[in-house]
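This report refers to the structure that appears directly beneath it.
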Amino acid sequence: MYVCLCAAVTEKDIEQQFGEGVDSLDALASRTGCGTVCGCCKEFASQKLASLRSSAQNPSAQHPLPMLRMAVA
Ligand code: FES
């Protein structure tokens, strides 16, 4: 899914950038252009980065089923 239509940045692009060490909106903007034109995408891009940070800190939180989440933890 596209997050930033102006710069054609997808969720996968953000995940890839996060995997390469990008964890702030400013860094994402400088690497991809996300949020640098109209700015409509900034809030969602920030939420996506926050979600990735949270998942990285607590991998078991990614599982959609609570029982299996507990089993993973
Ligand atoms: Fe991202 Fe416009 S949608 S800058």
Side-chain angles (χ1 to χ4, degrees):
M1 179 181 106
Y2 278 98
V3 173
C4 177
L5 291 176
C6 295
V9 178
T10 65
E11 284 189 81
K12 288 284 183 201
D13 293 329
I14 294 175
E15 290 166 5
Q16 180 180 356
Q17 291 296 318
F18 183 79
E20 294 175 8
V22 170
D23 70 346
S24 72
L25 191 56
D26 286 342
L28 182 67
S30 70
R31 300 245 327 225
T32 66
C34 183
T36 60
V37 182
C38 73
C40 292
C41 57
K42 285 183 173 182
E43 184 174 339
F44 186 79
S46 287
Q47 290 172 356
K48 180 67 182 175
L49 285 171
S51 172
L52 290 168
R53 271 193 298 275
S54 176
S55 294
Q57 292 168 353
N58 183 12
S60 64
Q62 294 178 0
H63 206 289
L65 299 175
M67 292 299 288
L68 294 176
R69 193 179 313 146
M70 288 173 27
V72 171

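Indexing begins at 1, ligand by ligand and atom by atom, following the structure's order. It should be emphasised that the depicted structure is a prediction, and the values quoted were computed from it without experimental measurement. Numbers here are sequence positions counted from 1.
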Are any non-hydrogen side-chain atoms of Arg31 and Glu20 less than 4.5 angstrom apart?
yes
Side chain to side chain, Val3 and Thr10, heavy atoms closer than 4.5 Å
no
Under 3.5 Å: donor-acceptor pair, side chain of [X], backbone of [Y]:
X     : Y     : answer
Thr36 : Gly33 : yes
Arg53 : Asp23 : yes
Ser51 : Gln47 : no

Considering non-hydrogen atoms only, spot the tightest contact between Cys34 and Ala7 and give its length.
N-CB, 4.1 Å
Excluding waters, which protein N, O or S atoms are within less than 2.8 Å of atom 2 (Fe) of ligand 1?
Cys6 SG, Cys38 SG
